[in-house]
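Working notes, beginning with the structure itself.
Residue numbers begin at 1 in each chain, while the letters A, B, ... track the order of the sequences.
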Amino acid sequence: MSAWRKVLALHLAVLLALLVLQFVLPPYHHTNVARIMVLAAYAIGYNVLLGYTGLMSLGHAMFFAAGMYGAGLPVYYFGMGAPAAFACGLAAGVGLALLFGLMALRTVGPSFLIVSMMFGQALFLVTLYFNEITLGDQGFILSEKLRPLELAGTQLGFHEPAVKYNLALAIFTGCLLAALALRLSALGRVLIGIRENEERTRLLGYDSFRYKLLALGVSGALSAAAGAGYALLFSYVGSTFASILFSIYPLLWTLLGGVGTVLGPLVGTALMFYLVDTVSGVTSSYLLFVGAALVALVLWFPLGILGTVRSRWLPWLP
Amino acid sequence: MSQNRRQGAATAGPEFGRRRTLISLGSLAGAVLTGSVLNTRFAFAQANRPIRIGFQVHRTGVGAVYGRWFERTTTATVRMLNEKGGIAGRPIEIVAEDDGTDPKRGPEVVEKLARQHKVDFVYGTLFSHVVIASAPRAGELKIPYFVVSEGYHVASGKMNRYCFQPGITDVRAQVTAVASWILGKLGKKVTLIYPDYAFGYDHRDYFSQAAEKHGGRVLEKLAIPPAERSFTKYFARIPADTEVLYHVMVGPGVLTFVKEMGEHFGKKRPQIFGFIDSLEGVDMASSGLEYLDGTYFWEAMPRYLQGNEPAYVKEYRQRVGVNDAGASLADPKDVSTYSHMFGCWETLHVIKQAVEKSGYRDPAAGDYRKFIESLEAETGFAEGLAHPQGAKRFNGRLHQCYGHQHLSKVEGGRLKVVHRTAIEDSLYPPEGDYTRQSL
Amino acid sequence: MSFGPHLFLALLEGTVTAFVLALTALGLSLVFGVMRIVNVAHGEFYMLGAVLAWACAHAVGTPVAGFIVAMLVAPLAVGAFALVADRWILRRVNYHPESTIVATIGLLYVLQQAVLMLYGPDARPVAPPLYFKIQFPWFGYSGYKLVVAAASALLLAATWLLITRTRLGLYMRATQQDLEMAQAFGVPARRVYALVFALGAMLAAAAGVLIVPIEQAHYLMGLDPLLMSFIVVIIGGLGSLRGTLVAAFAVGLSDGVVSVFFSPTLAKIVATLLVAAVLVVRPGGLFGEERA
C-alpha cells in the first residue's frame with residue numbers, strides 16, 4: 001500500500017473508531033470523550049503552529065476564547081441559531097489570528113512567545129473589563145437560549161448526549177482532516193521547511209512571512225472552531241477559557257501526544273484528561289502533576305508518544 | 001453380641017423411617033427458616049444501603065480555604081447524622097471530588113459524581129462562577145444540585161429546577177437586610193468599594209437600590225480589579241463628605257487593604273462597614289488589622305461566642321471543632337470560615353428531611369420528582385440543632401431560603417453582635433419560579 | 001482630593017512600583033541576556049522569596065531580626081534551588097530555547113502547587129521591620145514603601161557594580177556578547193550560566209522579601225510580577241540592562257498614573273498592547289540588539 005493510502009486508512013480508521021465508540025461507552029465516559037474531542041481539536045490547531053511551522057505561542061487561549069465568545073455572545077443576546085453562531089465564532093478566531101499575525105510575526109523565537117502571552121493576557125483582561133457584556137469570570141450559560149438544530153425535519157436538542165457526541169466528532173473530524181490535508185500538501189511542506197530552517201526556505205524564494213501568517217490563520221481557525229464548539233455543546237462561556245493556564249494546556253497535550261504529528265494532539269489530550277481525572281481522585285494537587293509531567297516530557301520524552309512511535313517504528317506517520 | 005447389635009440396627013423398621021422423615025422434615029424446615037432469615041437479611045441490607053451524596057468541594061484553587069472548612073463541617077455533620085441512624089435508617093456516604101474552584105472542571109466533576117459514582121445528590125459548591133458553570137450540567141443530568149454559596153444565582157431564577165439553596169442566604173438578601181440598619185444607624189452618605197466582578201456588582205446594585213428606598217445616597221462606587229495588590233490609589237478617590245465606607249474586599253489583598261485604609265484615613269475616618277467575607281479564615285487579631293477596631297461587619301453566624309447562645313449552637317460548635325473565637329480546636333491559628341460553613345450542616349439536614357418526608361429511595365426520575373416536589377412544598381425550617389444559624393423561611397418556588405443576618409462591631413480584636421435583623425428585613429420581590437419548569 | 005495631590009500620590013505609587021519592578025525584571029533580563037533563555041518560573045522565585053520571608057519572620061519572632069534573617073536566607077535558598085534546577089534540568093536540555101520554556105513552565109506549576117501543599121492557600125502577613133507613617137497634608141502614606149524603594153535602588157546599584165566591576169560581571173558580559181569567543185578566551189561558560197541563573201533567582205527572591213510586608217505572601221502572587229517583568233523586558237529590549245531599567249520606570253510610573261486616574265484593568269490592557277506596538281516598530285525592543 002502506498003504511503004498516503006496507509007495514512008488515509010489510519011486516520012479514517014481512527015475517526016470510524018470514535019464514531020463506533022459512542023455505542024459502547026458507559027455514560028460517564030461518553031461525555032468525557034465528547035469533551036476530549038473538542039479539546040483535541042484545539043490542540044490540533046495549536047499543533048499546526050508549533051508542530052508544523054515551529055512557532056511556539058503561549059497565548060492560544062485567545063483564539064479559543066474568540067471562538068467561544070464569538071459564538072456565545074450572539075446566542076445569548078440575539079438568540080442566534082447554532083450554525084450561524086458557529087460561523088461567527090470561526091470568523092472571530094480567524095480575524096484575531098490575522099490581526100495578531102500582522103503585528104507579532106515580525107518577531108521570532110522568545111519574543112514571539114512573550115508577545116503571544118501578552119496578547120492572550122490582554123484578551124483575558126478585555127473579557128473582564130467589558131464584564132457588563134461578557135459577564136466576566138462569572139460567565140453565562142447558553143442552554144436556555146440555544147434553539148435545537150433542525151436536521152431533516154427532526155429536532156436535535158443540544159442537551160442530548162448523542163447530539164453532543166456527534167457534533168463534537170464532526171468538529172474534530174473537520175479539524176483533523178484539515179490538519180492532515182495541510183500536512184500532506186505542498187503548503188505544508190513549505191511550513192515544515194520554515195520550521196527546519198527559515199533562512200534557507202526564504203533563500204529558495206518563499207515569502208516566509210506570508211506562509212507563517214497563513215499557518216497562524218489556520219491555527220486560529222481550528223482553535224476558534226473548538227472554542228465555538230465548546231460553548232455550544234457544553235453551554236458555559238467564561239473568562240477562565242481565556243486565561244494563561246488554558247494557553248498552556250494545548251502545549252502540554254501536543255508535547256505529550258507528539259508534536260508535529262497529526263494524531264498526536266488527540267492522544268495527548270485524551271491521556272492528560274484521564275490522568276488528571278485519576279490523579280485528582282488521589283491527590284488534591286493535580287496541577288503539580290501537570291508541572292512534573294511537563295518537566296519529565298521535556299527531559300526524557302521530547303518527541304512525545306506518537307513522535308517516538310514515528311521515529312522508531314512508523315516513519316510514514318504524518 | 002455383635003450380631004445382636006447388627007440385627008437390632010437392621011430391624012429399626014418404622015421408627016427409622018419416621019426418624020428419617022422427621023429428619024427430612026426438620027432439614028426442610030431448617031432450610032426454609034434459614035432461607036427466610038437470609039432473605040430478610042438481604043432485604044435488610046437493601047434497606048441499609050447507604051445514601052450517597054456527591055460533594056463538589058473546592059480543595060484547591062482560590063476557594064481552598066473555604067473548601068477545607070466545608071469538608072470538616074461535612075464530615076462532622078455526617079458523623080452526627082450517622083450516629084443518630086442516618087437518613088431514613090440508611091447511613092450517609094460522602095463522595096468528594098475536587099473541582100479546583102475552576103468553572104471548567106466544575107461540570108466535569110458533576111458528571112463524574114452523577115454518572116460514575118452514581119450518587120443520589122450533588123452538593124457543596126460555593127464560588128459563584130463554578131456554580132453557574134456546573135448547574136446546567138446537573139439540570140441536564142437531572143440530579144438535584146444543592147448549592148452552598150452566597151451568590152444571587154439560584155435565587156435569581158436563572159438556574160434550573162434541580163438547583164436548590166436551602167441552607168444559606170443569598171447576597172441580595174444580606175445586602176437588603178444590612179442596608180436599612182446602616183442607613184438608619186451609621187449615616188446616609190455612603191461610598192462603596194467592591195471587587196470588579198459579579199460578587200462585587202451584587203453589592204453595588206442591591207445596596208444602591210436599598211439606599212434609594214431608605215433615603216440614603218451613594219456618593220461614589222469604586223470597583224477594584226481582581227488581582228489588585230495595592231489600594232492606596234482607591235482610597236484617594238473617596239469623597240471627603242463620606243459618612244459610611246462600605247467595603248467588600250475579598251482575596252489575598254485584604255490585609256493590605258485594611259492596612260492602607262488605616263494609612264490613608266488615620267484618626268479621622270468615616271463609619272466603616274464591611275462583610276466578614278473579607279476576613280473568613282483570617283484571624284481578627286492579625287497584625288495590621290488593629291485599624292478595624294470600632295468598625296462594623298456583617299456576619300451570617302457570629303464567629304465569636306457571644307455568651308447567650310442556645311445549647312444547640314454550642315453543640316454545633318463543638319461538633320465542627322471550633323473554639324470560642326471561631327478557630328479550630330486543634331489549632332487556634334486556623335480560623336474557620338464560620339459565616340459560610342454552617343450552610344453545609346444545614347443543607348445536609350434539609351436533604352435528610354426531604355428524603356424522609358418524600359419517601360425517596362433511589363436515583364430514579366419518579367423518586368426525584370417526589371423529592372423535589374416535597375422540598376418545594378416546604379415553607380421554612382425551625383432553629384435548632386439542624387439549623388443552628390437560626391430559623392429560616394423557605395421560598396419553594398425560588399428554591400432559596402431566607403434568614404436572620406447579624407451586624408457586629410469589632411471591639412478589642414473580637415466581634416460583638418450589635419443587631420440581629422428580622423427575616424422580613426432581607427426579603428425582596430422574587431424574580432423567578434422554578435415550579436413552572438418541567439422536570 | 002484635587003488633581004495636584006492626586007498626581008503626587010500617583011507619582012509616589014509609581015516610583016515605588018518602578019523600583020520593585022526594576023529589581024524583579026532585572027533577573028529575567030540578565031538570564032535572557034547571558035543565557036538566551038526565557039525563565040517562565042521567574043515569578044515563582046519571587047513568590048518563594050516572599051513565602052520564605054514569612055517563614056523566617058514566623059520562626060524568629062521579632063520583625064527587624066526576622067527581616068534581616070529573611071533577606072539573607074531567602075535569596076540564598078532560592079539561589080541554591082536555581083542552581084539545582086539549572087544543573088538537573090536546564091543543562092540537560094542544553095539550554096535549548098523551547099525546551100527551557102516548557103521546562104520552566106513545568107517548574108512554575110511544581111513550585112506553585114508545592115507551596116500550596118506545604119504553606120496553604122491563605123495569604124499571610126509579615127510585619128514590616130520599620131513602620132512609620134508619613135503624613136502629607138492631603139493623605140497619609142506608608143513610610144515603609146519608601147524604604148522599599150530605597151532598598152531596591154541599593155540592590156540595583158549593587159548588581160550594577162557586580163556586572164561592571166567584578167570578574168564575574170566581566171564573564172557575564174563577555175558571554176552575552178559572544179559565547180564562542182568568550183569560551184575561546186577561557187570563560188567557564190557553564191559555570192557562568194549557573195551563576196547567572198542563580199543571580200536572577202536571587203534578585204527576584206529579594207524583591208519578594210522586600211514586598212511581602214506591603215502585600216502578603218500568597219502562593220499565587222508570582223503571576224502578576226511575571227507578566228509585568230515580561231512587559232518591561234520586552235519594551236526595554238531582551239538583554240539590555242539599561243533598557244530594563246528605563247522601561248521599568250516608564251511602565252511603573254505610567255501604570256501608577258493611568259491606574260489612579262483610570263481603571264487599573266485598562267492600564268494593564270494598555271501596557272500589554274504597548275508591548276505589541278513597540279515590537280512592531282522595533283522588533284528587538286527599545287534598546288535591544290536587533291535580532292533577525
Side-chain angles (χ1 to χ4, degrees), chain A residues 25-32 34-36 39 61 64 121 124-125 127-129 131-132 134-146 157-161 164 230 233-241 243 245-246 249 273 276-288 290, chain B residues 57-62 64 67-68 71 95-118 127-142 151-153 157-160 195-202 223 225-227 437:
Chain A
L25 280 175
Y28 171 54
H29 299 283
H30 199 265
T31 322
N32 279 353
R35 276 185 218 273
I36 287 173
L39 293 174
F64 188 92
Q121 185 66 3
F124 172 67
L125 291 173
T127 63
L128 291 180
Y129 186 69
N131 49 48
E132 310 249 306
T134 63
L135 290 148
D137 69 328
Q138 182 156 290
F140 55 91
I141 7 180
L142 295 179
S143 43
E144 324 267 285
K145 314 258 172 148
L146 205 52
F158 280 91
H159 57 276
E160 287 167 46
K164 269 201 239 259
Y230 204 91
L233 294 175
F234 302 110
S235 200
Y236 175 72
V237 176
S239 305
T240 328
F241 292 96
S243 68
L245 179 60
F246 208 68
Y249 279 142
F273 189 97
V276 167
D277 201 39
T278 332
V279 164
S280 55
V282 173
T283 159
S284 64
S285 200
Y286 64 88
L287 281 177
L288 183 79
V290 166
Chain B
V57 54
H58 302 318
R59 272 198 189 132
T60 57
V62 292
R68 190 171 66 210
E71 204 158 1
V95 182
E97 284 282 347
D98 176 21
D99 69 3
T101 326
D102 181 2
K104 172 183 161 291
R105 185 105 185 99
E108 293 169 13
V109 164
V110 173
E111 183 97 35
K112 190 169 187 189
L113 289 169
R115 291 265 196 93
Q116 192 178 54
H117 296 298
K118 301 203 170 58
F127 272 65
S128 293
H129 59 342
V130 183
V131 172
I132 293 182
S134 312
R137 195 68 194 121
E140 285 175 3
L141 292 170
K142 299 197 193 291
Y152 183 65
H153 26 64
K158 295 207 182 108
M159 303 286 104
N160 59 72
D196 200 2
Y197 57 83
F199 174 68
Y201 305 147
D202 287 338
Q437 291 179 16

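Residues F234(A) and P107(B) form no side-chain contact, since every pair of their non-hydrogen atoms from C-beta on lies 4.5 Å or further apart. At a threshold of 4.5 Å between non-hydrogen side-chain atoms, the residues H129(B) and Y236(A) count as touching. Between Y230(A) and K104(B) the shortest side-chain heavy-atom distance falls below 4.5 Å. Counting heavy atoms from C-beta outward, R115(B) and H29(A) have side chains that stay 4.5 Å or more apart. No side-chain heavy atom of K112(B) sits under 4.5 Å from any side-chain heavy atom of N32(A).
To the nearest 0.5 Å, atoms CD (E97(B)) and CG (D277(A)) are separated by 7.0 Å.
For F127(B), no part lies under 4.5 angstrom from a heavy atom of chain A. Only the side chain of E140(B) comes within less than 4.5 Å of a heavy atom of chain A; its backbone N, CA, C and O stay farther away. For N160(B), no part lies under 4.5 angstrom from a heavy atom of chain A.
Between G139(A) and I132(B), the shortest heavy-atom distance links the atoms O-CG2, 4.2 Å.
With chain A as partner, the option from H117(B), E111(B), H153(B) having the largest number of non-hydrogen pairs under 4.5 angstrom is E111(B). Per-residue counts of heavy-atom pairs under 4.5 Å with chain B were compared for Y129(A), F140(A), Y28(A), F246(A); the largest is that of Y28(A). Of the listed residues (T31(A), V237(A), T240(A)), the greatest number of heavy-atom pairs within a distance under 4.5 Å of chain B belongs to T31(A).
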Assess the residue pair L128(A) and D196(B) against the criterion (side chain to side chain contact (heavy atoms under 4.5 Å, CB included)); give the C-alpha distance rounded to whole Å, side-chain angles, the decisive distance to 0.1 Å, and a yes or no.
CA-CA 8 Å; L128(A) 291 180; D196(B) 200 2; over 6 Å; no

